[in-house]
Amino acid sequence: MAEKPNYRWLPLILIAGALAVWGLLLAWGAYQAPAGGNPGHDRRKLWVVAATTGGFLGLWALALWMGRGRMRKK
């Protein structure tokens, strides 16, 4: 009898993908937004938002990976 594939990580992958898309939309909006007298298109704002979103996702992935290692030890 064939076993069903393990879809345990699918919700986490979907959430991480949705957060990545959301971060890209926020970064694009920050890039397009005017600031003071400037008409917008400031690449620094884009990279700040993209870096913070990427850092959040990276720390989240690290925490999940470390937690998985602890569960294996038990």
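Because the structure is a prediction, the values reported are computed rather than measured.
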Exercise. Rounded to the nearest 0.5 Å, what separation is found between the CG atom of Leu64 and the CG atom of Leu59?
Worked result: 11.0 Å

Exercise. Do Thr53 and Trp22 have side-chain heavy atoms sitting under 4.5 Å apart?
Worked result: no

Exercise. Is the side chain of Lys45 donor-acceptor paired with the backbone N or O of Ala33 at a distance under 3.5 Å, no angle test?
Worked result: yes

Problem set entry | Atom CH2 of Trp9: over 12 foreign heavy atoms under 6.0 Å | yes

Exercise. Once you round to the nearest 0.5 Å, how far does CG of Leu57 lie from OG1 of Thr52?
Worked result: 10.0 Å

Problem set entry | Val49/Trp28 under side chain to side chain contact (heavy atoms under 4.5 Å, CB included): CA gap, chis, key distance, verdict | CA-CA 9 Å; Val49 174; Trp28 183 253; over 6 Å; no

Exercise. Can you name the residues that form a side-chain contact (heavy atoms from CB on, under 4.5 Å) with Leu62, not counting sequence neighbours?
Worked result: Trp65, Met66

Exercise. Would a hydrophobic clustering, with Ile, Leu, Val, Met, Phe, Trp and Tyr connected at side-chain separations under 4.5 Å, put Leu19 with Leu25?
Worked result: no

Seminar exercise, completed: Residues at least two apart in sequence or cross-chain that pass ring pair (Phe, Tyr, Trp, His ring centres under 6.0 Å) with Trp60, listed by chain then number, are none

Exercise. If you look at every heavy atom in Ala50 and Ala27, which pair is closest and at what distance?
Worked result: N-CB, 4.2 Å

Seminar exercise, completed: Those residues at least two apart in sequence (or on a different chain) that pass side-chain contact (heavy atoms from CB on, under 4.5 Å) with Leu14 are Leu10

Exercise. Side-chain contact, heavy-atom cut-off 4.5 Å: Tyr31 with His41?
Worked result: yes

